[in-house]
Amino acid sequence: MGATRTFRFTNVRMAVDAEPDSEGMLYALECCVCGKRSPLAESPGPAEEWAPRHFAANPEHHTYRALESTPMKITFESAADQLQAVP
């Protein structure tokens, strides 16, 4: 006989992962003209330093897109739900 599993529905929500071991925010800038990007960094500084250098090398590239990555996680409605959520 095969193994059986019991599933049930529970309320979950997405939330920012603010745990001390979370990935942390990541920042980059992307050139809207050619699609080149600054390196990803944990602060906006490297991206803000990259953009003027990219512009100096490409004077027709005036527009940039800010890219930010926020770590997220699923949180359960109650501790009891979390204990019973088995993969």
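FYI, side chains are in, hydrogens and waters are out, and symmetry mates aren't considered; it's all heavy atoms of this structure.
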- Kindly assign one of parallel, tilted or perpendicular to the pair Phe55 and His62, based on the angle between their ring planes and the thresholds 30° and 60°.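 The rings of Phe55 and His62 stand perpendicular, inter-plane angle above 60°.
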
- Query: With the 4.5 Å side-chain cut-off for hydrophobic clustering, are Trp50 and Leu40 part of the same group?
  - Reply: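 No.
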
- side-chain contact (heavy atoms from CB on, under 4.5 Å) involving Ala15 - partner list, sequence neighbours excluded: Arg13, Thr75

Side chains of residues 22-37: which donor-acceptor partners sit under 3.5 Å, not counting sequence neighbours?
{"residue": "Ser22", "atom": "OG", "partner": "Asp17", "partner atom": "O", "Å": "3.1"}
{"residue": "Ser22", "atom": "OG", "partner": "Glu19", "partner atom": "O", "Å": "3.1"}
{"residue": "Glu30", "atom": "OE1", "partner": "Arg65", "partner atom": "NH1", "Å": "2.4"}
{"residue": "Glu30", "atom": "OE2", "partner": "Arg37", "partner atom": "NE", "Å": "2.8"}
{"residue": "Glu30", "atom": "OE2", "partner": "Arg37", "partner atom": "NH2", "Å": "3.1"}

- Which atoms form the tightest heavy-atom contact between Pro59 and Ala56, and what is the distance?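 Taking Pro59 first and Ala56 second, the nearest heavy atoms are CD-O, 4.1 Å.
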
- Task: Please write out which residues are connected to Leu67 in a hydrophobic cluster, directly or through intermediates, given that two of Ile, Leu, Val, Met, Phe, Trp, Tyr count as joined at side-chain heavy-atom separations below 4.5 angstrom.
- Result: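 Hydrophobic cluster check, Leu67: no partners found.
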
